[in-house]
Amino acid sequence: MAAHAHHNQNGVIFVPLPQLKASFPPVNPNLVLAPQPFVPLNPSAPQVLVPCNPPVLALALARMDEERSISLLQFMVDEGLVLYPEEEEKRSNIILKLKQIVLAWIKKVAWQRRFPREHIAATCATILTYGSYGLGVHGLESDIDALCVGPSFATMAEDFFVVLCNMLKSRPEVSEIHCVKDAKVPLMRFKFDGISVDLPYAQLQVLSVPENVDILNPLFFEDIDETSWKSLSGVRANKRIVQLVPDLENFQSMLRCVKLWAKRRGVYGNLLGFLGGVHLAILAAFVCQQHPNATLNTLIMNFFQTFAFWPWPTPVILQDGNLPTTGDATETRSLMPIELPCSPHEYCHSNITKSTFYRIRAEFLQGHAMTRDILKLDFDWGSIFEPFPYTKKYTRFIKIYLSATKKDELGDWVGWMKSRFRCLLVKLEEMQGFCDPNPTEYVDIEVTEPNVVFYWGLNPSRSGYTDIESVEVDFMRNINNGFQDSPGRMKLSIIQASQVPKSALRDTGSGKWTKACWKLMDYNQRRIPMYSQHLPHYFVGYVVPNGEQLEYPCGGG
């Protein structure tokens with residue numbers, strides 16, 4: 001270093017940044033400043049004036065780390081990632097009202113069973129939150145993921161999907177109810193005071209579920225059915241993550257940033273083979289555990305470094321004193337196995353393919369390259385969250401055009417298609433070797449019919465002929481099998497980057513995310529009365545006649 005350093009009268013040396021990082025170890029053990037062998041050093045890197053006194057250098061590094069953390073918190077506020085108190089209160093009131101509705105519902109069900117009065121008075125059911133709301137990282141447009149947990153005598157088919165559904169319908173705050181009955185996690189989806197709510201159901205083998213139920217208590221899982229187990233997994237995972245992270249506030253701030261990064265860079269969305277909310281939550285929690293005293297800036301730096309060079313398919317497992325920390329990646333059949341923190345050898349569901357694995361790894365590497373240099377003078381957080389430049393990266397795209405006759409049918413059709421998109425992606429990988437499924441949904445404004453358009457980047461090195469018509473026919477054959485409504489339309493075509501509308505691909509990460517669901521028939525049409533199986537002649541609500549109910553799996557989200 002001496003051959004390249006220059007002293008001045010103020011006791012300051014002038015050195016290139018890479019040499020500085022090799023010469024002075026970081027004071028904060030959570031800071032990662034040493035050059036990585038995977039990233040070649042740039043001889044023409046910018047140079048800065050730094051104190052030659054190591055204690056002064058340590059102070060400068062700590063100050064810069066803190067300043068970056070503060071600027072990132074301000075960036076989050078500017079991006080609308082933090083809710084105002086009135087919005088938080090609105091969501092809290094929704095959960096409170098849902099708990100009141102569910103409590104009235106379970107007592108009504110107990111009365112139908114002709115339980116003694118004292119049993120009716122004592123029985124309870126409750127609402128537990130999970131997902132982004134349960135972790136405290138929800139934004140203005142986030143849904144509320146809430147789980148209805150009831151006792152063993154309240155059935156899903158009759159009591160949840162009919163009795164509770166009709167009670168919700170009678171509420172003026174509730175609108176747009178849909179029933180998702182044939183998904184991996186059956187649920188009701190509706191809007192409460194304008195905010196979307198996903199409400200699955202789980203039965204515990206008890207006569208009453210108190211509001212403060214300990215959902216991690218193994219006694220509650222004796223003789224539990226598989227559907228209830230799956231419904232409970234999201235709540236249990238969230239609760240364990242909150243318990244295992246050393247600093248909840250730091251974790252929440254970090255996760256908000258990581259989710260925004262993933263959405264902007266086009267690697268968010270489990271249905272299309274990318275990372276979902278639970279995947280990112282566990283990855284963020286893992287970094288927090290490894291660096292318990294780190295600042296927000298340092299956590300983000302280490303997040304990118306950790307997973308840019310992670311030896312996949314070695315699974316990511318949170319440290320938990322109650323569970324073993326070893327896992328067998330071969331059991332997961334996943335390219336990026338991530339273990340759920342609530343039970344050993346249970347992994348997050350993943351749709352990652354070879355193409356999406358490559359894209360995620362590339363984004364981790366780029367994030368690391370952009371954040372690794374804490375002394376970079378022109379550092380700007382906005383550059384980390386720049387939308388992915390699809391039209392600059394790819395010369396050809398596959399255009400997926402989805403449409404329906406009516407606007408209220410489009411969401412169901414798009415959701416159904418998205419739940420099958422992995423099949424299309426794998427088929428295109430076989431033909432092209434690589435395909436980048438941009439998760440953002442766009443609208444063709446030049447067409448009058450309701451539509452959603454996807455633009456997936458194709459392998460630039462394979463510009464030969466692709467029989468897209470045969471791909472479309474094969475995929476539609478798969479799609480129409482099981483869809484019981486009048487299907488919408490799909491058209492596949494290969495276009496050049498110059499043909500992509502300029503209005504599209506400009507807002508990656510901020511597009512609408514449509515969830516699949518069953519559409520419940522109009523409440524005033526084609527309905528038949530349903531009576532309680534336990535209380536003769538007692539009317540519980542209306543259902544759609546056999547053969548007319550529109551049932552298809554939920555794609556999740």
Side-chain angles (χ1 to χ4, degrees), residues 88-89 91-136 138 144-168 171 173-174 185-188 190 192 197-244 248 322 340-343 532 534 540:
E88 289 285 7
E89 185 179 1
R91 284 161 173 75
S92 297
N93 289 335
I94 289 175
I95 298 300
L96 180 61
K97 290 179 180 179
L98 281 175
K99 287 184 176 181
Q100 294 171 347
I101 294 171
V102 165
L103 183 60
W105 162 72
I106 201 61
K107 293 186 183 298
K108 182 176 184 178
V109 172
W111 176 79
Q112 291 180 31
R113 300 294 191 274
R114 295 183 175 180
F115 286 176
R117 287 186 179 180
E118 58 272 19
H119 286 187
I120 296 174
T123 192
C124 293
T126 192
I127 293 288
L128 302 175
T129 59
Y130 63 105
S132 61
Y133 186 84
L135 289 173
H138 51 290
I144 294 178
D145 293 307
L147 174 68
C148 176
V149 187
S152 57
F153 63 84
T155 65
M156 178 177 291
E158 176 182 326
D159 300 314
F160 179 74
F161 277 121
V162 179
V163 179
L164 181 56
C165 181
N166 285 322
M167 289 179 68
L168 288 169
R171 301 280 300 210
E173 313 98 317
V174 177
V185 179
L187 54 82
M188 280 190 282
F190 53 89
F192 201 110
V197 178
D198 282 0
L199 186 69
Y201 178 60
Q203 288 175 277
L204 300 183
Q205 298 304 308
V206 295
L207 293 177
S208 180
V209 180
E211 184 176 355
N212 61 346
V213 57
D214 180 8
I215 210 64
L216 296 176
N217 189 333
L219 295 177
F220 285 121
F221 303 114
E222 295 180 359
D223 301 322
I224 192 173
D225 62 273
E226 184 178 358
T227 299
S228 295
W229 174 262
K230 290 179 180 178
S231 298
L232 287 162
S233 65
V235 179
R236 296 173 64 239
N238 268 29
K239 189 165 185 178
R240 285 304 290 150
I241 290 173
V242 170
Q243 292 177 350
L244 293 173
L248 181 58
N322 300 321
L340 287 167
C342 44
S343 55
S532 174
H534 309 277
V540 296

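Numbering of residues begins at 1 and proceeds along the displayed sequence.
Summarising the geometry, atom CG belonging to D145 is positioned 11.5 Å from atom OH belonging to Y133; distances are rounded to the nearest 0.5 Å. Here the CZ atom belonging to F220 is positioned 7.0 Å from the CG atom belonging to D214, to the nearest 0.5 angstrom. A distance of 11.5 Å separates CG in N93 from CD in E88, rounded to the nearest 0.5 Å. Rounded to the nearest 0.5 Å, atoms CG (L199) and CZ (F192) are 11.0 Å apart. Here the CG atom belonging to L98 is positioned 12.5 Å from the CG atom belonging to L103, to the nearest 0.5 angstrom. Going from atom OG1 of T129 over to atom CD1 of I95 covers 6.0 Å, rounded to the nearest 0.5 Å.
Cation-pi check for R171 over F190 is not met; the charged atom does not lie both under 6.0 angstrom from the ring centroid and within 45 degrees of its normal.
Atom CD of E226 has 12 or fewer heavy atoms from other residues, nucleotides or ligands within 6.0 Å. When the shell of 6.0 Å around CG of L96 is examined, it contains more than 12 heavy atoms from other residues, nucleotides or ligands. The neighbour count for Q243 CD, taken as heavy atoms of other residues, nucleotides or ligands under 6.0 Å away, is above 12.
Taking the side chain as every heavy atom from C-beta outward, K107 and F115 never approach each other to under 4.5 Å. Counting heavy atoms from C-beta outward, H119 and F153 have side chains that stay 4.5 Å or more apart. Residues Q203 and F160 have side chains not in contact (no heavy-atom distance under 4.5 Å, counting atoms from C-beta outward). Counting heavy atoms from C-beta outward, T126 and V102 have side chains that stay 4.5 Å or more apart. Using a 4.5 Å heavy-atom threshold, the side chains of I224 and L204 count as touching. Looking at heavy atoms from C-beta onward, I101 lies in side-chain contact with L164 at the 4.5 angstrom threshold.
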Taking it one step at a time, do S152 and V206 satisfy side chain to side chain contact (heavy atoms under 4.5 Å, CB included)? CA-CA 6 Å; S152 57; V206 295; over 6 Å; no
Trace of the side chain to side chain contact (heavy atoms under 4.5 Å, CB included) decision for I215 with L147: CA-CA 11 Å; I215 210 64; L147 174 68; 5.6 Å; no
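When every heavy atom of A146 is checked against every heavy atom of P200, the shortest pair comes out as O-CD, 2.9 Å. Nearest heavy-atom pair, E222 versus Q205, reported as atom, atom and distance to 0.1 Å: O-CG, 3.5 Å. Between Y201 and A154 the shortest heavy-atom distance is OH-O, 2.7 Å. Closest of all the heavy-atom pairs between P341 and A237 is CG-O, 3.7 Å. Heavy-atom minimum distance, A125 versus G150: CB-CA, 4.0 Å. For Q112 against D159, the heavy-atom pair with the smallest separation is OE1-OD1, 4.4 Å.
Judged by distance alone, the side chain of S208 and the main-chain N or O of C124 form a donor-acceptor pair under 3.5 Å.
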